[in-house]
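Before any comments, here is the structure.
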Protein chains: 2
Amino acid sequence: MGEQVFNITELAQEFDITTRAIRFYEDQGLLEPERAGQRRIYNRRDRVRLMLILRGKRIGLSLLEIRELFALYDAAHDDAPQLQEFIRILERKELQLLTQMEDIKVVLTEIGQLRGQCEKALGKRANGHNQEKEL
Amino acid sequence: MGEQVFNITELAQEFDITTRAIRFYEDQGLLEPERAGQRRIYNRRDRVRLMLILRGKRIGLSLLEIRELFALYDAAHDDAPQLQEFIRILERKELQLLTQMEDIKVVLTEIGQLRGQCEKALGKRANGHNQEKEL
DNA sequence: GTTGACGTTGACGTAAACGTCAAGTTATCG
DNA sequence: CGATAACTTGACGTTTACGTCAACGTCAAC
């Protein structure tokens, strides 16, 4: 039983991106699918990489950073200085992500408060004056 | 006792951005500082706005989105349809942020695992073969 | 055998978010 | 008064992450 494979449009549809984007990721060295003639053939590993690329993007990584992480991860198994470098990058990224989560939490609670105020204003109109605080 | 004010370089230094960036935010309609002649004078409200801009950017908002949120928030106090629109935008953003937090959590745990593996590999070298799983 | 449907490689275009001069203005210090 | 520093407004350049053709290959179907 051969491994499961995908073509470029299947992946594009599954992840709701364009084929152009997928080819671009390949240009940037993030994917290296096999070829059947000139057609690209993606296996499960390629599909996982694509998922990681998209998740990386969602959390604000650039394609270059994602490629560096891939490369370091690939090399990290047998090269000690690479491992150290890998750990450093991960730690920096971890701090960034923690900050980002803090920001998100703050904004989420603010959103909650604002929505509450809005709905209150919609409920009881003409409530006189609104308190002009900061902003 | 007059209100506390700042000039552009003070704000740039405080938030570790360039003056060019601050002027750019003004070009995009995100800031409207007073002028003393041609020099820009920022008050506490401007400073708060700048903080909000930077936080918005950190969580992945575009400057356009930030401007829209500012505008809607300003108008939302006395216009009902604006309020509804404001609430819709906030709800969409809330969903995005929740997804983003999920992604971040996943990546953080993965980072933790990877770092653990790396440190283990650095501790006991030449551990034979590494298991080639997915990726 | 030709007609689509799908895929491919360039090449060029684009939007966002600034960076980088250039050239002028204003404030201040000696 | 002149020099210097700080600020100003354009104008153009740059990077990232693709979009958008154009022109060509290929393979099954009619």
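Residue numbering restarts at 1 for every chain, and letters A, B, ... go by the order of the sequence lines.
Computed from coordinates, the Ile41(A) CD1 to dT8(C) C1' distance equals 13 Å when rounded to whole Å. Glu65(A) has its CD atom 14 Å from the C1' atom of dA17(D), to the nearest Å. For the pair Leu11(A) CG and dG7(C) C1', the computed distance is 14 Å after rounding to whole Å. Going from atom OH of Tyr42(B) over to atom P of dA6(D) covers 17 Å, rounded to whole Å. Rounded to whole Å, atom P of dG19(C) lies 10 Å from atom CZ of Phe24(B). In this structure, Asn7(A) places its CG atom 5 Å from P of dG7(C), rounding to the nearest Å. In this entry the distance linking CG of Asp16(A) with P of dC18(D) reads 13 Å, nearest Å.
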Original post:
Which dot-bracket string describes DNA chain D (Watson-Crick N1-N3 plus N6-O4 or O6-N4, or G-U N1-O2 and O6-N3, all under 3.5 Å; [ ] crossing; | other strand)?
Top reply: ||||||||||||||||||||||||||||||

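Counting only residues at least two apart or on different chains, the salt bridge (Lys or Arg N to Asp or Glu O under 4.0 Å) pairs with a member in residues 17-32 of chain B are Glu26(B)-Arg35(B), Glu26(B)-Arg40(B).
Of the residues in residues 56-64 of chain A, those lying under 4.0 Å from DNA chain D by heavy-atom distance are Lys57(A), Ser62(A), Leu63(A). A heavy atom lying under 4.0 Å from DNA chain C marks the following residues of residues 25-35 of chain A, by number: Arg35(A).
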Below 3.5 Å is the cut-off: list the nitrogen or oxygen pairs between protein and nucleotides 22-27 of chain C, distance only.
residue, atom, partner, partner atom, Å
dT26(C), O2, Arg39(B), NH2, 3.2

Output one line per pair: protein atom, nucleotide atom from nucleotides 19-21 of chain D, and distance, for all N/O pairs under 3.5 Å.
residue, atom, partner, partner atom, Å
dG19(D), OP2, Thr18(A), OG1, 2.5
dG19(D), N7, Arg20(A), NE, 3.2
dG19(D), O6, Arg20(A), NH2, 3.0
dT20(D), O4, Arg20(A), NE, 3.0

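In this structure, the side chains of Tyr42(A) and Ile22(A) come closer than 4.5 Å at one or more pairs of heavy atoms.
Using a 4.5 Å cut-off between side-chain heavy atoms of Ile, Leu, Val, Met, Phe, Trp and Tyr, Val106(A) forms no hydrophobic cluster with any other residue. As a member of the Ile/Leu/Val/Met/Phe/Trp/Tyr network built from side-chain separations under 4.5 Å, Ile41(A) groups with Val5(A).
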For residues 6-19 of chain B, please give each side-chain donor-acceptor pair under 3.5 Å, one per line with the distance, not counting sequence neighbours.
residue, atom, partner, partner atom, Å
Asn7(B), OD1, Thr9(B), N, 3.3
Asn7(B), OD1, Thr9(B), OG1, 3.2
Asn7(B), OD1, Glu10(B), N, 2.8
Glu10(B), OE1, Asn7(B), N, 3.1
Glu14(B), OE1, Arg47(B), NE, 3.2
Glu14(B), OE2, Arg47(B), NE, 3.1
Glu14(B), OE2, Arg47(B), NH2, 2.6
Thr18(B), OG1, Ala21(B), N, 3.1

Side-chain atoms of residues 51-72 of chain B: list all donor-acceptor pairs with protein atoms under 3.5 Å, sequence neighbours left out, distances to 0.1 Å.
residue, atom, partner, partner atom, Å
Arg55(B), NH2, Glu110(A), OE1, 3.4
Arg55(B), NH2, Glu110(A), OE2, 2.8
Arg58(B), NE, Asp103(A), OD2, 2.5
Arg58(B), NH2, Asp103(A), OD1, 3.1
Ser62(B), OG, Leu64(B), N, 3.4
Ser62(B), OG, Glu65(B), N, 3.1
Glu65(B), OE1, Ser62(B), N, 2.9
Glu65(B), OE2, Lys93(B), NZ, 2.9

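Between Arg40(A) and dG7(C) there is no side-chain N or O to OP1 or OP2 distance below 4.0 Å.
If you check every strand for non-hydrogen atoms under 4.0 Å, Arg23(B) touches a base.
In terms of position on DNA chain D, the residue among Ile22(A) and Glu10(B) whose nearest nucleotide sits closer to the 5' end is Glu10(B).
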